[in-house]
Amino acid sequence: MKKTISSEIIDILLDELKVGLTLVDNRGKVIYYNKLAKELLGWDDSDDKNSVLSCHSIKTQEKVLNRLNNIGNKAWHRIIHRGERYIENIYSPISIPDKLTGAMIISKDVTARENEYANIEKSANTDSLTGLYNRQFLEKVIKKYELIAKTYGLIMIDINGLKYINDNYGHNAGDE
C-alpha cells in the first residue's frame with residue numbers, strides 16, 4: 001500500500017534536521033525552497049528571479065551551470081561564505097522527464113565546523129606563545145617558494161640565557 005506524506009510533514013522533518021532544501025532548474029532558477037534554505041541562502045519570497053548562481057562567485061557560475069545541465073554527473077558540494085556564516089550546499093542532479101531537470105540542493109550551516117577547522121589549522125601552524133609561524137609551517141612555505149623560484153628572506157632570533165631560566169625557574173617563568 002502506497003502512503004503519501006504531506007508537504008507539511010516534510011517541512012517539519014527538514015526543520016527538525018536543520019536542513020535547507022532548494023530545487024533549481026537547469027538554468028539555476030530557484031523553483032522551491034523551505035524556510036531554512038531561505039534563511040541560509042537569502043531567497044526572497046517576493047523575487048521570482050531567485051537564482052542559485054547568486055550564491056557563487058562569477059568565476060564559478062559557469063561551472064555550476066555546466067553541472068546543472070549535465071545530468072549524468074554525480075552529486076557535488078560547495079561551501080560558501082555568507083556574512084558570518086559558512087553554508088555547505090550538496091547538489092544532487094535530478095531529471096524528471098517533462099517536469100524538471102536541475103538539482104536538489106541540501107544546505108546546512110557548518111559555521112561551527114569551519115571555525116573549528118580554522119582554529120585547528122592555526123594551532124598546527126603557529127607557536128602558541130608568540131603566535132608566530134612554527135618551523136613545520138615555515139618549511140612548507142620555503143619549499144613552495146623554492147618550487148616557484150620566488151626569493152624570500154628569513155630572520156632568526158635567539159634569546160640568550162632562556163635555557164637557564166627554563167631549567168631553574170620553569171617554563172612558565174621562561175614564557176613570561
Side-chain angles (χ1 to χ4, degrees), residues 13-22 24 28 30 33-44 50-68 70 73-93 103-176:
L13 286 171
L14 291 172
D15 281 347
E16 288 291 319
L17 294 170
K18 295 183 178 22
V19 171
L21 174 65
T22 304
V24 298
V30 174
Y33 54 87
N34 70 346
K35 184 173 72 173
L36 185 58
K38 174 184 177 178
E39 178 187 330
L40 294 175
L41 301 173
W43 305 138
D44 185 348
N50 289 323
S51 172
V52 73
L53 299 179
S54 66
C55 296
H56 298 275
S57 67
I58 292 173
K59 67 182 181 180
T60 61
Q61 288 179 3
E62 186 175 333
K63 191 176 192 179
V64 171
L65 276 176
N66 286 339
R67 285 193 166 182
L68 290 174
N70 188 353
N73 275 345
K74 294 180 181 176
W76 77 95
H77 85 283
R78 291 257 189 269
I79 296 176
I80 59 174
H81 193 206
R82 292 186 57 88
E84 297 295 316
R85 288 176 141 168
Y86 289 92
I87 311 302
E88 180 173 43
N89 286 335
I90 301 170
Y91 299 76
S92 296
M104 173 178 64
I105 305 168
I106 303 295
S107 302
K108 286 188 148 196
D109 186 335
V110 293
T111 304
R113 181 187 77 192
E114 292 300 309
N115 287 339
E116 188 59 32
Y117 285 161
N119 288 337
I120 291 168
E121 186 175 18
K122 181 178 180 186
S123 294
N125 293 327
T126 59
D127 175 75
S128 61
L129 178 63
T130 64
L132 297 172
Y133 289 120
N134 61 25
R135 179 179 175 173
Q136 182 180 350
F137 182 78
L138 185 60
E139 287 174 356
K140 289 179 191 175
V141 170
I142 289 171
K143 283 182 184 177
K144 182 179 174 182
Y145 281 4
E146 288 174 346
L147 284 173
I148 60 174
K150 186 171 184 172
T151 59
Y152 59 91
L154 179 63
I155 297 173
M156 297 182 74
I157 299 172
D158 183 27
I159 300 174
N160 291 331
L162 184 58
K163 180 174 177 15
Y164 175 82
I165 293 171
N166 284 338
D167 290 347
N168 291 293
Y169 302 104
H171 286 276
N172 287 340
D175 289 351
E176 290 218 12

Who are the side-chain contact (heavy atoms from CB on, under 4.5 Å) partners of [X], not counting sequence neighbours?
X: Ala37; result: Thr22, Tyr33, Asn34, Trp43
X: Leu162; result: Ile159, Asn166
X: Leu129; result: Asp127, Asp175

Atom pair [atom1]/[atom2] of [X] and [Y] - distance to nearest 0.5 Å:
X: His81; Y: Glu114; atom1: NE2; atom2: CD; result: 9.5 Å
X: Ile80; Y: Ser54; atom1: CD1; atom2: OG; result: 8.0 Å
X: Asn66; Y: Gln61; atom1: CG; atom2: CD; result: 12.0 Å

Tell me every residue that passes side chain to side chain donor-acceptor pair (under 3.5 Å) with [X], counting only those two or more places apart in sequence or in another chain.
X: Thr126; value: none
X: Asp167; value: Lys163
X: Ser57; value: Thr60

* Asked: Is Ile58 atom CD1 crowded by more than 12 heavy atoms from other residues, nucleotides or ligands, each under 6.0 Å away?
  ->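 Atom CD1 in Ile58 is not packed in, count stays at 12 or less.
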* Would one find more than 12 heavy atoms of other residues, nucleotides or ligands at under 6.0 Å from atom CD1 of Ile148? ->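 Yes, the 6.0 Å shell around CD1 holds more than 12 heavy atoms from other groups.
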* **Under 3.5 Å donor-acceptor, His77 side chain and Ile79 backbone** =>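 The answer is no, because no donor-acceptor pair under 3.5 Å joins these two groups.
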* To do: Keeping the roles fixed (side chain from Arg82, backbone from Leu40), state whether a donor-acceptor pair exists under 3.5 Å.
  =>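 Side chain of Arg82 to backbone of Leu40: a pair is present.
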* **Criterion side-chain contact (heavy atoms from CB on, under 4.5 Å) on Leu68 and Val52, from CA distance to verdict** => CA-CA 10 Å; Leu68 290 174; Val52 73; 4.2 Å; yes
Measuring only between side-chain heavy atoms, which start at C-beta, is [X] closer than 4.5 Å to [Y]?
X: Ser92; Y: Trp76; value: no
X: Tyr91; Y: Arg78; value: yes
X: Leu36; Y: Leu14; value: no

* **Cys55 versus Leu41, closest heavy-atom pair with distance** =>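 Nearest pair, atom of Cys55 first, then Leu41: SG-CD2, 4.0 Å.
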* **Asp44: partners by salt bridge (charged side-chain N to carboxylate O under 4.0 Å, His left out), with sequence neighbours left out** =>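 Result, salt bridge (charged side-chain N to carboxylate O under 4.0 Å, His left out) vs Asp44: none returned.
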* Among all residues two or more places apart in sequence or in another chain, which pass the salt bridge (charged side-chain N to carboxylate O under 4.0 Å, His left out) test with Lys35? ->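 For Lys35, the residues satisfying salt bridge (charged side-chain N to carboxylate O under 4.0 Å, His left out) (neighbours in sequence not counted) are Asp15.
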* Pairwise ring-ring contact (aromatic ring centres under 6.0 Å, His included) hits with a residue in residues 156-175, at least two apart ->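 Listed by first then second residue: nothing to list.
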* Asked: Can you list every ring-ring contact (aromatic ring centres under 6.0 Å, His included) pair that touches residues 107-127, not counting sequence neighbours?
  ->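 Checked against ring-ring contact (aromatic ring centres under 6.0 Å, His included) - neighbours excluded - no pair reaches residues 107-127.
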Side-chain donor/acceptor pairs under 3.5 Å, residues 104-113, sequence neighbours excluded:
unit_1, atom_1, unit_2, atom_2, d
Ser107, OG, Asn89, OD1, 2.6
Asp109, OD1, Thr111, N, 2.9
Asp109, OD1, Thr111, OG1, 2.6
Asp109, OD2, Arg85, NE, 2.9
Thr111, OG1, Tyr86, N, 2.9

Enumerate, atom names and distances included, each donor-acceptor pair closer than 3.5 Å involving a side-chain atom of residues 136-147, sequence neighbours excluded.
unit_1, atom_1, unit_2, atom_2, d
Glu139, OE2, Arg135, NE, 3.0
Glu146, OE2, Tyr152, OH, 3.4

